Amino acid sequence: MANAEVAIDLMELADLAQPRKIAWEIHRQLRLQFGAVPPQIPLAAIAAATGIVSIEDFETDRFEGTLVIKGDQGAIGLRRGMMPGRRNFTLGHELGHFLNPWHRRVRQTFECKRSDTKAQRTVDFGRKTPLEQIEVEANEFSAALLVPMPEYRGARRKYGKDADLAHIRALATTFAVSQEFMGRIYVEQADEKIALVYSKNGAISSFVFGEGFPFLGLRRGAPVPATSQTRLAHRRALRGDIEATREVRTDTWLERRGRVEALFEQVVVQREGWVTTMLTIEEAEDDGDDE
């Protein structure tokens, strides 16, 4: 499948202004041609089928990805040295610019920095400039294209119900995306309430909360909790091994306990001082009494 030719009917994409709908239409056409969407999306073949004449890597710190459009064709450049998952997302991002008609009306040449490939939709999206909006939309397209939800849910079910950092690592490999990107999908699609916390050298960097997860009271740059497994992991720095999930005191991480009866923490030490932490909770069951 990786080397198979892909045919994309551009007329079916022409009137789809929403980035996710463009990605879903590509998935539909792939299913018609191959019977299923492959876990690792054939980005280069899709790009060639839609009018991208070249994809080249460059030694540069000026951009993550660039796109030049001339007429109905385009050329994509990528910063050399990116990890495969990051490279795939950036390639999808540039392809998102190319396939969205109104992006071409905003500009014909794109030079996207790392911050552009991290832009997300917020409540003030309508007040952002067109240049800011198209970066968000290119990210939404790339995310939707790289991880089709029916295939993701099927792959996720194979690992059982309980949340585990090992699932994120395995699913990231399956779909050829970064673990950070897969982590966000994993949290958003989980049935249970979970959170991911990313820290570097003992300080909080970022976090992702599932819907309904209790407030942690975290802020970027703050030290990780002193009694947490995460703090111990930073001290030991045993890179690569995913540690067993352990129950910890609720006040280790949670600012307010609320209905939480138990809090569980799992960590993995990564490169250059990074640690990823998964938090899961058990809540008191509703007794169902009616007045």
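Bear in mind the structure is a predicted one, so any value in this text is a computation, not a measurement.
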Is there a side-chain contact between [X] and [Y], using heavy atoms and a 4.5 Å cut-off?
X	Y	result
Glu151	Thr174	no
Val136	Glu132	no
Ile69	Arg104	yes
Ser142	Glu137	no
Leu78	Glu56	no
Trp253	Leu218	yes
Leu216	Leu279	yes
Val6	Phe34	yes

Ignoring hydrogens and geometry, is there a side-chain-to-backbone donor-acceptor pair from [X] to [Y] under 3.5 Å?
X	Y	value
Asn100	Ala138	no
Arg157	Lys161	no
Asn139	Ala119	yes
Arg231	Val224	yes
Glu94	Ala75	no
Arg107	Thr109	yes
Glu265	Glu247	no
Arg31	Ala36	no
Arg257	Val260	yes

To the nearest 0.5 angstrom, please state how far the [atom1] atom of [X] sits from the [atom2] atom of [Y].
X	Y	atom1	atom2	value
Phe98	Gln73	CZ	CD	7.5 Å
Leu232	Thr230	CG	OG1	8.5 Å
Leu145	Leu43	CG	CG	6.0 Å
Ile185	Glu180	CD1	CD	11.5 Å
Met278	Phe264	CE	CZ	13.5 Å
Arg169	Thr276	CZ	OG1	9.5 Å

With a 3.5 Å cut-off and no angle check, do the side chains of [X] and [Y] form a donor-acceptor pair?
X	Y	result
Asp9	Gln29	no
Ser228	Thr252	no
Asn201	His234	no
Arg79	Thr66	no

Quick check: closest heavy atoms across [X] and [Y], and the distance to 0.1 Å?
X	Y	answer
Tyr186	Leu171	CD1-CD1, 4.0 Å
Leu254	Pro214	CD2-CB, 4.1 Å
Gly96	His103	O-ND1, 4.0 Å
Phe209	Ala195	CD2-CB, 3.9 Å
Glu140	Pro19	OE1-CG, 3.5 Å
Val268	Asp241	CG2-O, 3.7 Å

If you count heavy atoms of other groups shown closer than 6.0 angstrom to [atom1] of [X], is the number above 12?
X	atom1	result
Gln18	CD	no
Asp72	CG	no
Arg249	CZ	no

Show the numbers, then the answer: is there a salt bridge (charged side-chain N to carboxylate O under 4.0 Å, His left out) between Glu283 and Lys193?
-> CA-CA 9 Å; Glu283 293 182 300; Lys193 295 177 181 178; 3.0 Å; yes

Can [X] and [Y] be counted as an ion pair, charged N to O under 4.0 angstrom?
X	Y	result
Arg62	Glu111	yes
Lys113	Glu64	no
Lys118	Glu135	no

Taking the cut-offs as 6.0 angstrom to the six-membered ring centre and 45 degrees off its axis, would you call Arg256 and Phe215 a cation-pi pair? no

**Request:** Would you check, one step at a time, whether the test side chain to side chain donor-acceptor pair (under 3.5 Å) holds for Arg86 with Thr117?
**Result:** CA-CA 9 Å; Arg86 167 56 57 184; Thr117 63; 3.2 Å; yes

ILVMFWY cluster, [X] and [Y] together (side-chain gap under 4.5 Å):
X	Y	value
Val208	Leu146	yes
Val106	Phe63	no
Leu16	Leu95	yes

Quick note, ring pair (Phe, Tyr, Trp, His ring centres under 6.0 Å) partners involving residues 109-159, not counting sequence neighbours, are His97-Phe110, Tyr159-His167

Apply side-chain contact (heavy atoms from CB on, under 4.5 Å) to His93 and Leu91, showing your working. CA-CA 5 Å; His93 177 100; Leu91 176 53; over 6 Å; no

Original post:
Would you say the ring centroid of Phe89 lies under 6.0 angstrom from that of Phe181?
Top reply: yes

Margin query: Run the side chain to side chain donor-acceptor pair (under 3.5 Å) test on Gln266 and Thr277 for me, step by step, so that the C-alpha distance in whole Å, both residues' side-chain angles and the decisive distance to 0.1 Å come before the verdict.
Written below: CA-CA 6 Å; Gln266 185 185 29; Thr277 303; over 6 Å; no

Show your working on side-chain contact (heavy atoms from CB on, under 4.5 Å) between Ile204 and Tyr198 and close with a plain yes or no.
CA-CA 6 Å; Ile204 302 295; Tyr198 300 97; over 6 Å; no

Asp57: which residues meet the salt bridge (Lys or Arg N to Asp or Glu O under 4.0 Å) condition with it, sequence neighbours left out?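 Asp57 satisfies salt bridge (Lys or Arg N to Asp or Glu O under 4.0 Å) with Arg87 once adjacent residues are dropped.
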
Go through Cys112 and Thr90 one step at a time and tell me if the side-chain contact (heavy atoms from CB on, under 4.5 Å) criterion holds. CA-CA 9 Å; Cys112 303; Thr90 304; over 6 Å; no

Practice task
List the steps, then state whether side-chain contact (heavy atoms from CB on, under 4.5 Å) holds for Gln179 with Gln270.
Solution key: CA-CA 11 Å; Gln179 292 187 47; Gln270 297 171 301; 3.8 Å; yes

